[in-house]
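Let me begin by presenting the structure, written as structure tokens, before commenting on it.
What you see below is based on every heavy atom in this structure, not just the backbone, and it leaves out hydrogens, waters and symmetry mates.
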Amino acid sequence: MSALDQLSHEEVARFRQDGFLTVPCIADPDEVEQLRGVFDRLFQTAAGWEKGAQFDLAGTDDDQRPAKLPQILNPAQFAPELGEARFRAKALSVARQLLGAETQLWFEHAILKPAHYGAATPWHQDEAHRDDPGTDYEQVSIWVPLQEATLANGCMRYIVGSHLGPILEHRSPNNDPRITALECIGPFDPASATPCPLPPGGAAIHHCRTLHGAGENHSSMPRRAYILAFRGPVRPNPEFRGYPWNLTKKTAAQERKVAWENRGGMLGRASR
């Protein structure tokens, strides 16, 4: 980055061409250390579990086995201090450079890959998760590692230029609809992927159609990542009816969310 909250013209052009971009710093070391402490607390205390906001992205999430790829949706609802993180304003500024001045934060999530056994993130396109028929918009995700991201612990990997093509066919891993993740089964060559190691507090920025994945964590330390997803202007698109692979999902996290809402969780959430 030419400045912490601004991309250069060359960086913007590279993003448009490749569908992704890495930058060495979006969060300073002190902030990374603070964020890491919050993450560890949230995962250790199973924050959001009963509400369906924390789940195993790579598992069926309905047994007593340790989660292989735990994730928390919108972690700031469980740790308000995350909403005050300084890098958020920088990330929004970058997203608006790429998608326009009306761009807003859409959602965020925290992902942990446990040491030694953290699972691979399946190859996928973020847009394949969309379940909002009748709309159209672009999205960018800004992925921030809270420790060094390496090939050994599961750094991001991208297929150059894949954002310029269509949404490829996806399915639930192992054809198991109890697993939240999606995996791409359309035609692409994983061997052509570009790995993107990053220092703590760096960022990998990608378009919602860019094919990406991340390897297993074979290291002795957890791999933590904070992801902010931004959405550009929303346009009507009556032809978009959703993706069929999302219709069959039936996860334990969905069941926990419904149970929580039926116990008055929606009212409780609105009052916070």
Side-chain angles (χ1 to χ4, degrees), residues 35-83 105-115 117-122 124-133 139 141 143 146 154 170-183 208 213-214 216-217 222-229 231 242-272:
L35 292 171
R36 192 162 53 231
V38 174
F39 267 45
D40 288 347
R41 185 182 80 242
L42 292 178
F43 282 108
Q44 289 167 4
T45 59
W49 177 264
E50 68 171 13
K51 301 176 182 180
Q54 182 169 166
F55 50 85
D56 186 356
L57 189 62
T60 57
D61 204 29
D62 57 0
D63 54 33
Q64 299 303 310
R65 298 177 184 176
K68 295 181 290 184
L69 192 57
Q71 172 173 287
I72 304 174
L73 290 178
N74 297 315
Q77 67 179 304
F78 309 110
E81 60 268 39
L82 292 177
L105 180 67
W106 180 220
F107 67 92
E108 60 190 76
H109 50 126
I111 296 181
L112 174 71
K113 289 198 175 188
Y117 68 91
T121 306
H124 67 283
Q125 295 164 292
D126 288 345
E127 188 176 330
H129 285 277
R130 280 189 52 194
D131 189 21
D132 44 6
Q139 178 183 312
S141 292
W143 187 96
L146 303 184
H170 287 65
R171 69 177 182 186
S172 297
N174 302 320
N175 280 320
D176 190 339
R178 297 175 299 166
I179 299 175
T180 300
L182 290 174
E183 65 176 354
C208 57
E216 299 174 346
N217 184 3
R223 195 224 68 181
R224 313 164 187 84
Y226 197 178
I227 303 97
L228 301 184
R231 184 173 70 171
Y243 296 114
W245 44 78
N246 292 322
L247 301 178
T248 60
K249 289 288 187 184
K250 190 175 182 180
T251 69
Q254 290 174 333
E255 294 176 357
R256 292 197 302 274
K257 179 181 178 181
V258 170
W260 172 70
E261 291 174 352
N262 289 340
R263 293 195 301 268
M266 292 295 287
L267 179 62
R269 180 168 58 187
S271 67
R272 283 196 294 273

**OP:** Carefully, step by step, assess T251 and F55 under the rule side chain to side chain contact (heavy atoms under 4.5 Å, CB included).
**Re:** CA-CA 9 Å; T251 69; F55 50 85; over 6 Å; no

**OP:** Indicate yes or no: at least one non-hydrogen side-chain atom of P173 is less than 4.5 angstrom from one of P122.
**Re:** yes

Original post:
Is the shortest heavy-atom distance from the side chain of P114 to the side chain of N217 under 4.5 Å?
Top reply: no

**OP:** Determine whether F78 and I72 make a side-chain contact, defined as any pair of heavy atoms from C-beta on separated by less than 4.5 Å.
**Re:** yes

Original post:
Mind checking whether Q254 and K257 have side chains closer than 4.5 Å, heavy atoms only?
Top reply: no

Original post:
Distance-only, no hydrogens or angles: does the D62 side chain make a donor-acceptor pair with backbone N or O of A252 under 3.5 Å?
Top reply: no

Original post:
Does the R36 side chain pair with the main chain of L146, one donor and one acceptor, at a distance under 3.5 Å?
Top reply: yes

Subject >> Between E216 and Y117: side-chain donor-acceptor atoms closer than 3.5 Å >> reply: no

Subject >> N/O donor-acceptor pair under 3.5 Å between K113 side chain and A225 backbone >> reply: no

Original post:
Judged by atom type as modelled, is there a donor-acceptor pair below 3.5 Å linking the side chain of R256 to the main-chain atoms of K51?
Top reply: no

**OP:** Check whether any side-chain N or O of D176 sits under 3.5 Å from a backbone N or O of T60 as a donor-acceptor pair, and report yes or no.
**Re:** no

Original post:
For Y243 and R130, which heavy atoms make the closest approach, and how far apart are they?
Top reply: CD1-O, 3.8 Å

Original post:
When you look at F43 and Q54, which way does the side chain to side chain contact (heavy atoms under 4.5 Å, CB included) test go after all the steps?
Top reply: CA-CA 8 Å; F43 282 108; Q54 182 169 166; 3.4 Å; yes

**OP:** Measure the spacing between CD of Q71 and NE2 of H109 and express it to the nearest 0.5 Å.
**Re:** 5.5 Å

Subject >> Main-chain N/O of R41 paired with Q44 side-chain donor or acceptor, under 3.5 Å >> reply: no

**OP:** Please round to the nearest 0.5 Å and tell me the distance separating atom CD of E127 and atom SG of C208.
**Re:** 4.5 Å

Subject >> R223 and I111, any side-chain heavy atoms less than 4.5 Å apart >> reply: yes

Original post:
Is the backbone N or O of D56 less than 3.5 Å from a side-chain atom of D61, with the two atoms forming a donor-acceptor pair by type?
Top reply: yes

**OP:** Just do the side chain to side chain donor-acceptor pair (under 3.5 Å) check on H129 and D131 with the steps written out, would you?
**Re:** CA-CA 6 Å; H129 285 277; D131 189 21; over 6 Å; no

**OP:** Please round to the nearest 0.5 Å and tell me the distance separating atom CH2 of W106 and atom CG of N74.
**Re:** 10.0 Å

Original post:
Under the 3.5 angstrom rule, does the side chain of W245 hit a backbone N or O of A128 as a donor-acceptor pair?
Top reply: yes

Original post:
Do the non-hydrogen side-chain atoms of P75 and Y226 ever get within less than 4.5 Å of each other?
Top reply: yes

Original post:
Can K249 and S172 be counted as having a side-chain donor-acceptor contact under 3.5 angstrom?
Top reply: yes

Original post:
For I179 and L57, what are the C-alpha separation, side-chain angles and deciding distance, and is it a side chain to side chain contact (heavy atoms under 4.5 Å, CB included)?
Top reply: CA-CA 7 Å; I179 299 175; L57 189 62; over 6 Å; no

Original post:
Taking E108 for the side chain and I227 for the main chain, is one N or O donor matched with an acceptor at less than 3.5 Å?
Top reply: no

**OP:** For residues H170 and H124, determine if any side-chain heavy atom of one lies less than 4.5 Å from a side-chain heavy atom of the other.
**Re:** yes

Subject >> S141 vs D126, side chain to side chain contact (heavy atoms under 4.5 Å, CB included): CA-CA, chis, key distance, verdict >> reply: CA-CA 9 Å; S141 292; D126 288 345; 3.4 Å; yes

